[in-house]
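A quick write-up on the structure given underneath.
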Number of protein chains: 2
Amino acid sequence: MSAPRAISRLATRALSRRTITHSVRRTALPTTSASASAWAATQLNSVRHGSTLPPRSAEFTKPTEEHIKDLRAILSAPTSLLSTLDGTATEDELASFNDDWMNKYHGKGPIVVKPRTTEEVSKVMKYCYDKGLAVVPQGGNTGLVGGSNPVHDEIILCLSNLNQIRSFDQVSGVLVADAGVVLEAADHHLAEKGFIFPLDLGAKGSCHIGGNVATNAGGLRLLRYGSLHGSVLGLEVVLPDGTIWEGLSKLRKDNTGFDIKQLFIGSEGTIGIITAISILCPRRPSAMNVAVFSLPSYEAVQKVFGEAKAHLGEILSAFEFFDKQSYALVKKHQEENGGERKVFETEGDFYCLIETGGSNAEHDEAKLTGLLEHLMENEMVLDGVLAQDSTQFQSLWSLRELVPESAGKAGSVYKYDVSVPVGKMYSLVEKMRTKLREGGVLEGDGKAEGPIRAVAGYGHMGDGNLHINIVANKYTDEVEKIIEPYIYEIVSENEGSISAEHGLGVMKAPYIGYSKNETSIELMKKVKHLFDPKGLLNPYKYIV
Amino acid sequence: MSAPRAISRLATRALSRRTITHSVRRTALPTTSASASAWAATQLNSVRHGSTLPPRSAEFTKPTEEHIKDLRAILSAPTSLLSTLDGTATEDELASFNDDWMNKYHGKGPIVVKPRTTEEVSKVMKYCYDKGLAVVPQGGNTGLVGGSNPVHDEIILCLSNLNQIRSFDQVSGVLVADAGVVLEAADHHLAEKGFIFPLDLGAKGSCHIGGNVATNAGGLRLLRYGSLHGSVLGLEVVLPDGTIWEGLSKLRKDNTGFDIKQLFIGSEGTIGIITAISILCPRRPSAMNVAVFSLPSYEAVQKVFGEAKAHLGEILSAFEFFDKQSYALVKKHQEENGGERKVFETEGDFYCLIETGGSNAEHDEAKLTGLLEHLMENEMVLDGVLAQDSTQFQSLWSLRELVPESAGKAGSVYKYDVSVPVGKMYSLVEKMRTKLREGGVLEGDGKAEGPIRAVAGYGHMGDGNLHINIVANKYTDEVEKIIEPYIYEIVSENEGSISAEHGLGVMKAPYIGYSKNETSIELMKKVKHLFDPKGLLNPYKYIV
């Protein structure tokens with residue numbers, strides 16, 4: 001394989017694709033930076049806040065064998081109900097429903113119900129509503145904030161048996177499918193027809209499309225395909241009292257009253273159970289490219305982001321950035337695994353990854369060449385590499401995707417996933433470094449073995465979604481008190497969000513005040529009460 | 001100028017742009033088919049339903065001079081209140097607020113308030129709420145369903161003095177602006193910076209961006225830029241009781257609770273007054289192309305739509321269709337104005353217009369050539385023309401945009417604007433023809449001078465938005481009874497919407513049941529009551 005060359009030489013002619021000589025192992029799960037960072041963030045928070053979970057509400061009825069008997073009469077198949085109360089399941093067998101996939105949140109739900117139809121969901125909900133039984137809806141159980149597990153003894157209503165594609169219209173691109181269809185299965189179905197699901201996630205092999213909508217999942221394609229609030233056309237929802245709301249429109253334009261479905265998108269299962277979705281799917285890009293650059297400053301990253309949008313226009317599908325601290329963690333991790341090779345002749349304080357997806361490979365490459373030449377002529381980047389094939393495509397992505405895993409290997413990581421205006425994004429990392437330096441805990445500031453080894457910043461530039469990783473020798477109260485609530489304060493000062501894409505769940509419910517004002521929270525409480533006056537659906541979470 | 005050539009000859013080589021020899025006058029207002037069709041539909045309905053407007057509610061306080069005195073004390077400028085009650089305005093001077101721009105809906109509001117700040121809006125609303133005074137918010141007053149005019153003596157709260165661009169971020173593309181900014185002004189502001197407002201409308205020279213959001217305007221760019229539910233990032237809203245809801249987020253990702261702002265998008269001023277918006281704006285395309293084709297069947301139009309999406313991918317920005325009846329009306333209209341020239345060597349039963357917008361003219365043209373060659377090789381189109389410059393670009397658009405005006409010149413037109421799945425779209429036109437034929441009123445079925453001269457179908461293929469124009473000698477009860485409620489029934493049978501993009505207002509409020517089920521309407525009523533328990537905001541409309 002040829003050695004990497006500086007992009008300045010590349011830019012003198014049309015792009016000759018170069019071999020990427022370094023070898024980067026792709027992490028199995030999570031495969032996206034977003035889910036990866038949240039994975040650790042959740043780990044951390046569950047340790048810290050596990051003891052502060054709200055107590056069981058005395059208003060909810062305690063599940064009994066009598067309820068099991070009644071519920072069995074509602075369900076069409078004996079295997080649709082599992083319970084430790086009647087001996088049809090052991091605690092171990094219910095563990096995969098009670099525990100989240102990171103094994104950080106542990107519910108005590110004694111009953112799992114897996115209805116096979118929307119009507120069964122309706123009957124179960126009506127029964128629970130009448131009896132005062134609390135219910136937690138569960139999709140693929142891949143959430144990152146403890147939103148899909150019971151907190152106490154809520155009945156677990158699992159959607160996995162609602163797993164059929166209902167229809168796909170080749171002309172309009174509208175897919176209608178049950179909520180329990182796995183995201184990857186939906187995307188494979190679409191791929192065969194030349195379409196793509198307008199959402200991609202690390203957990204796509206397990207997560208349900210209904211859960212994606214219920215949590216307003218963001219993921220890797222948001223820059224290109226926008227939010228689910230724009231692409232979801234309709235929903236079928238079972239309301240807390242069992243009423244089926246049939247809002248499964250397949251229309252792009254429909255201005256006949258309040259757009260009720262929008263309330264369920266991102267409601268995290270607190271006001272209704274999504275049983276089916278209707279979603280607009282774009283054509284699948286036939287060409288994909290990825291390039292990574294080293295840059296001198298965050299200002300340069302912002303400028304390159306602007307240039308990328310200008311030159312690549314409609315084919316820009318991702319713009320990610322990471323700082324030298326992030327890259328140092330990745331290089332160290334690669335060294336330790338024997339896979340490190342020199343990627344950039346000139347390294348920088350910052351790096352960015354640009355992905356394109358279009359319908360014509362030749363045109364896309366020409367646009368990318370135009371961008372590279374412009375960047376070099378104006379000395380906006382220091383160096384760059386471009387993927388030559390799908391393996392290299394994955395390898396270059398891994399430079400970015402390995403950051404969270406590499407940080408985890410380097411120590412105990414305080415991780416945060418926030419959203420702030422792009423222009424202010426990196427200042428949060430700098431402020432955090434200053435704060436830690438002032439606290440005397442940042443290595444290299446007089447302490448040879450300070451507890452904090454690195455503060456790394458990276459994220460989805462295109463979405464204003466920043467990840468901060470603070471790598472420490474170990475978790476300590478001293479360090480934690482320096483970081484929190486300071487991190488939430490500076491997010492709030494910058495008009496940011498404490499949860500960019502992972503939701504509130506049980507983990508961040510107490511902190512909503514850092515991102516939403518009193519009027520907003522008051523309105524949300526009213527909406528919750530309007531739909532679920534008994535507060536039976538997914539209690540103890542979200543808006544509390 | 002060269003004569004038009006058949007596209008079959010064109011397709012044998014790279015596209016040589018052809019001169020469009022026909023001359024089509026562009027209509028001044030409305031410039032889009034959507035607004036044009038609704039214009040006549042509104043005319044029609046106001047005639048028919050004008051007498052069925054709901055009576056004045058006795059629960060609302062009657063505005064008096066005492067209220068004027070109090071409101072003046074709230075407002076910073078004397079010119080911010082006009083009223084016939086205290087002689088500061090004549091009825092004529094208030095006519096532009098009481099009447100809609102088509103002069104079809106006529107309110108009797110004696111007071112117009114034009115606050116200069118959000119705080120003033122808040123104070124006015126609090127005062128009206130406390131006093132039980134009904135209020136109608138008004139933007140550019142360009143609505144098509146009587147939504148922005150008073151029905152009786154509601155106080156008119158005009159947003160035109162809230163007209164400042166607050167900020168624009170070149171990096172993120174996020175625009176924050178007062179609700180009263182005119183759409184065209186916002187777009188001009190963005191154009192200077194290389195960006196585009198993700199919405200375009202015929203009324204853009206008058207309509208307000210706040211009103212656009214309040215009515216969830218669709219327009220010409222929806223196929224490309226999606227719905228406002230996806231592009232609006234935040235709102236500032238004054239609630240019925242005067243509370244200011246500051247939800248003016250500039251974040252693309254923010255999963256911290258219910259997305260409350262979504263309820264206001266398309267709420268038609270019934271639950272709050274939008275005073276500012278935050279919206280994500282894409283880069284402005286640097287290249288634009290338009291082509292029009294003749295086709296043998298609606299099936300062919302659907303196939304070409306699929307091929308256009310496949311070949312043009314990310315640069316497809318509009319796909320419109322019209323039938324031979326529509327084109328005949330346009331040709332007749334052009335003949336009468338001396339501007340008709342032969343456009344197609346081979347005419348067809350159907351026509352479609354394809355527009356592209358991209359960041360590279362050469363690439364776009366190559367993609368379009370690829371599409372044309374494919375269409376010709378597979379004999380999917382009969383003929384086609386491609387615009388060569390901006391004048392021809394407008395001329396080709398006019399073939400489609402002149403349909404509603406041409407229909408209006410041909411007779412009294414029953415017009416409908418509906419949304420149905422693309423595959424079922426044209427069957428509605430055919431069903432309507434059959435119905436009229438069975439009723440013995442369609443010309444050419446034995447009656448030499450039947451009252452119905454033509455049934456024309458056209459619309460936004462990409463959005464599933466169909467316009468049906470039924471051209472009659474004159475409006476008669478006999479014809480109307482054949483058309484209605486049949487048209488709503490067949491829309492309903494096809495899971496369609498009786499209002500694709502123009503909203504309900506006062507015109508379609510009674511008909512919502514054709515598009516929304518009882519559960520939906522019940523939820524909507526609850527939402528309305530939650531935000532506006534006194535029902536003071538924009539009464540008699542929307543959800544009644």
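Chain identifiers are assigned alphabetically (A, B, ...) following the order of the sequence lines, protein sequences preceding nucleic acid strands; residue numbering begins at 1 within each chain. No experiment lies behind these values; they were computed from the predicted model shown.
A/Ile271 contributes atom CD1, which lies 9.0 Å from atom CG of B/Leu523 (distance to the nearest 0.5 angstrom). One distance of note links CD1 of B/Ile512 with OG of B/Ser499; it measures 9.5 Å at 0.5 Å rounding. For the atom pair CG (B/Leu239) and CD (A/Glu522), the distance works out to 11.5 Å, reported to the nearest 0.5 Å. The CD atom of A/Glu314 sits 6.0 Å away from atom CD of B/Glu314, with the distance rounded to the nearest 0.5 Å. The OG atom of A/Ser497 sits 12.0 Å away from the CG atom of A/Leu466 when rounded to the nearest 0.5 Å. To the nearest 0.5 Å, atoms NE2 (B/His229) and NZ (B/Lys261) are separated by 10.5 Å.
Contacts of A/Arg284 with chain B are absent, with no heavy-atom separation under 4.5 Å from either backbone or side chain. Proximity to chain A is limited to the side chain of B/Thr270, based on heavy atoms less than 4.5 angstrom apart. Contacts between B/Lys303 and chain A at a heavy-atom distance below 4.5 Å are absent for every atom of the residue. For B/Leu312, the part lying under 4.5 angstrom from a heavy atom of chain A is the backbone only. For A/Tyr542, the part lying under 4.5 angstrom from a heavy atom of chain B is the side chain only. Both the backbone and the side chain of B/Leu504 come within less than 4.5 Å of a heavy atom of chain A. In this structure, chain A has no heavy atom under 4.5 Å from any part of B/Lys508. Heavy-atom distances place the side chain of B/Ile543, and not its backbone, under 4.5 Å from chain A. Contacts between A/Leu228 and chain B at a heavy-atom distance below 4.5 Å are absent for every atom of the residue. Residue B/Ala310 touches chain A through both its backbone and its side chain, counting heavy-atom pairs closer than 4.5 Å. Contact of A/Leu280 with chain B is not made at all, since no heavy-atom distance falls under 4.5 Å. Only the backbone of B/Gln170 comes within contact range of chain A, with heavy atoms under 4.5 Å apart. Of the atoms belonging to A/Leu263, heavy atoms from both backbone and side chain fall under 4.5 Å from chain B. Within the 4.5 angstrom heavy-atom criterion, no atom of B/His529 approaches chain A. Using a 4.5 Å cut-off between heavy atoms, B/Val422 contacts chain A through its side chain alone, with no backbone atom that close. Contacts of B/Lys309 with chain A are made by both backbone and side-chain atoms, with heavy-atom separations under 4.5 Å. In this structure, chain A has heavy atoms under 4.5 Å from both the backbone and the side chain of B/Thr256. Heavy atoms closer than 4.5 Å to chain A are found in the side chain of B/Phe531, but not in its backbone. Both the backbone and the side chain of B/Asp254 have a heavy atom closer than 4.5 Å to some heavy atom of chain A. Looking at A/Lys526, both its backbone and its side chain come within 4.5 Å of chain B, counting heavy atoms on both sides.
Closest approach of B/Ser227 and B/Asn216 over heavy atoms only: OG-OD1, 4.4 Å. Between A/Gly242 and A/Ser122, the shortest heavy-atom distance links the atoms O-OG, 2.6 Å.
With chain A as the partner, the residue from B/Glu268, B/Gln302, B/Met524, B/Glu362 showing the most heavy-atom pairs under 4.5 Å is B/Met524. The candidate from B/Leu222, B/Leu223, B/Leu251 with the greatest count of non-hydrogen atom pairs under 4.5 Å with chain A is B/Leu251. Note on A/Gly266, A/Gly257, A/Gly423: by heavy-atom pairs under 4.5 Å with chain B, the leading option is A/Gly257. When B/Glu518, B/Lys250, B/Lys528, B/Lys516 are compared by the number of non-hydrogen pairs under 4.5 Å with chain A, B/Lys516 comes out ahead. Between chain B and the residues A/Gly370, A/Ser249, A/Gly358, the most heavy-atom pairs under 4.5 angstrom are made by A/Gly358. Ranked by heavy-atom pairs shorter than 4.5 Å toward chain A, the options B/Gly226, B/Ser520, B/Pro421 are led by B/Ser520. Contacts with chain A were tallied for B/Ala500, B/Gly464, B/Ser419; B/Ala500 has the most, counting heavy-atom pairs under 4.5 Å. Ranked by heavy-atom pairs shorter than 4.5 Å toward chain A, the options B/Val418, B/Ile244, B/Asn360, B/Asp259 are led by B/Asp259.
Under the 6.0 Å cut-off for aromatic ring centres, B/Phe305 and B/Phe321 do not qualify, their centroids lying 6.0 Å or more apart. The distance between the ring centers of A/Phe168 and A/Phe195 falls below 6.0 angstrom.
By the 30° and 60° cut-offs, the orientation of the rings of A/His467 relative to A/His460 is perpendicular. Note: B/His311 and B/His374 have tilted aromatic rings, judged against thresholds of 30 and 60 degrees for the angle between ring planes.
Inspection of the B/His502 and B/Asp417 side chains reveals an N or O donor paired with an N or O acceptor under 3.5 Å. For A/Asn494 and A/Lys424, the side-chain atoms include no donor-acceptor pair closer than 3.5 Å.
Screening A/Val174, A/Leu199, A/Val232, A/Leu233 for a side-chain contact (heavy atoms from CB on, under 4.5 Å) involving A/Ile279 leaves a single residue, A/Val232.
No side-chain heavy atom of A/Lys367 sits under 4.5 Å from any side-chain heavy atom of A/Thr356.
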